[in-house]
Amino acid sequence: MIAFVSGTVAALAPDSAVLEVGGVGMAVQCTPGTLAQLRVGRHAKLATSLVVREDSLTLYGFDDEDARQTFELLQTASGVGPRLAQAMLAAHSPDALRAAVSSGDEKALTAVSGIGKKGAQKLLLELKDRLGEPVSAAAAQVPGQAAGGAGEGWRGQLHAALVGLGYATREADEAVAAVAPQAEAAASAGTEPPVPQLLRAALQTLNRAR
């Protein structure tokens, strides 16, 4: 198993990064939050989990060991594959997921794209004794509100991800403003604005402007 990769960031994409390790480019699937912390040309170290399929080998990367372990624990629940587990970590931190599961918070899970009400109920039952209790009391806060107000979390994540992909601050500001109605619509419906989808929409806006 590849426990981590450490090297220079060679390239960034909306859902992945390439790290040069010993002269080899390692493609690593990452959440927007992880990508936002990376910069092309700078050194980075990511905890990783290798998912082996008959026709593919996919490496998933994380900020730290806690996120990697949570990613693997989530997949012990029936119906949860690596993509859904990553989507859950894109929407919530490991501690926020532990808080949601320990408190039976269906709404937090249905905020993840691909999880409906019945799926959330099933996950709460299956994961309750696997994820454990949250480490931080702050994890009990509603995702996206811990940094000062509902809906503000997605803005910071999206802006940082765009800057990390090489866009100027002004371009990132304009792209965030362009997708704000989409995020606000999700918030009005009672769900967490989906950062991965917002990032794709923002990139489409930037590509049309160029």
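Not measured: the values here are computed from a predicted model.
Counting heavy atoms from C-beta on, the side chains of Arg68 and Glu72 come closer than 4.5 Å. With contacts defined as side-chain heavy-atom distances shorter than 4.5 Å, the pair Ile115/Met88 qualifies. Looking at Val18 and Met26, their side chains never come closer than 4.5 Å, going by heavy atoms from C-beta outward. Looking at Arg42 and Thr8, their side chains never come closer than 4.5 Å, going by heavy atoms from C-beta outward.
Here CG of Leu125 is found 10.0 Å from OG of Ser78. Values are rounded to the nearest 0.5 Å. Going from atom CG of Leu19 over to atom SG of Cys30 covers 8.0 Å, rounded to the nearest 0.5 Å. Taking CG from Leu74 and CZ from Arg130, the interatomic distance works out to 10.5 Å, rounded to the nearest 0.5 Å. Going from atom CD of Glu65 over to atom OG1 of Thr48 covers 9.0 Å, rounded to the nearest 0.5 Å. With rounding to the nearest 0.5 Å, the separation of OG in Ser49 from CD in Gln75 is 6.5 Å. Between the CG atom of Leu97 and the CZ atom of Phe71 there is a distance of 12.5 Å, given to the nearest 0.5 Å.
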Query raised in the report: What do the steps show when you test Leu46 against Leu59 for side-chain contact (heavy atoms from CB on, under 4.5 Å), and what is the final call?
Result: CA-CA 11 Å; Leu46 297 174; Leu59 201 58; over 6 Å; no
Report task. Output, in order, the C-alpha distance, side-chain angles, deciding distance and verdict of side-chain contact (heavy atoms from CB on, under 4.5 Å) for Leu198 and Gln182. Result -> CA-CA 8 Å; Leu198 292 175; Gln182 183 178 336; 3.9 Å; yes
Report task. In sequence, state the C-alpha distance, the side-chain angles, and the governing distance for Leu162 and Leu199, and then conclude on side-chain contact (heavy atoms from CB on, under 4.5 Å). Result -> CA-CA 8 Å; Leu162 290 169; Leu199 179 57; 3.7 Å; yes
Query raised in the report: Stepwise, does the side-chain contact (heavy atoms from CB on, under 4.5 Å) test hold for Lys45 with Val5?
Result: CA-CA 6 Å; Lys45 180 177 180 180; Val5 293; over 6 Å; no
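Across Ala44 and Val9, no two heavy atoms sit closer than the pair CB-CG2, 3.8 Å. The two residues Leu38 and Ala17 make their nearest non-hydrogen contact at CD1-CB, 3.8 Å. Nearest heavy-atom pair, Tyr60 versus Val28, reported as atom, atom and distance to 0.1 Å: C-CG1, 3.7 Å. Across every non-hydrogen atom of Pro14 and Leu203, the tightest pair is CG-CD1, 2.9 Å. Of all the heavy atoms in Leu73 and Leu127, the pair that sits closest is O-CD2, 4.0 Å. Scanning all heavy atoms of the two residues, the minimum distance from Ala91 to Val112 falls at CB-CG2, 3.9 Å.
Around CZ of Arg83, the count of heavy atoms belonging to other residues, nucleotides or ligands within 6.0 Å does not exceed 12.
The cluster map of Ile, Leu, Val, Met, Phe, Trp and Tyr, joined by side-chain heavy atoms under 4.5 Å apart, puts Val21 and Leu35 in the same cluster. Residue Val24 is grouped with residue Leu57 when hydrophobic side chains (ILVMFWY) are merged at heavy-atom distances under 4.5 angstrom, including chains of intermediate members. Follow the hydrophobic side-chain contacts under 4.5 Å out from Val80 and you reach Phe62 in the same cluster.
Contact check on Arg98 versus Asp66 returns a salt bridge, with a Lys/Arg side-chain nitrogen under 4.0 Å from an Asp/Glu carboxylate oxygen. Salt bridge status for Arg155 with Glu184: present, with a side-chain N to carboxylate O gap under 4.0 Å.
In the model, Glu106 has a side-chain atom that pairs as donor or acceptor with a side-chain atom of Gln121 under 3.5 Å.
Shown are Glu126, Glu133, Lys128; of these, the side chain to side chain contact (heavy atoms under 4.5 Å, CB included) with Val101 is made only by Lys128.
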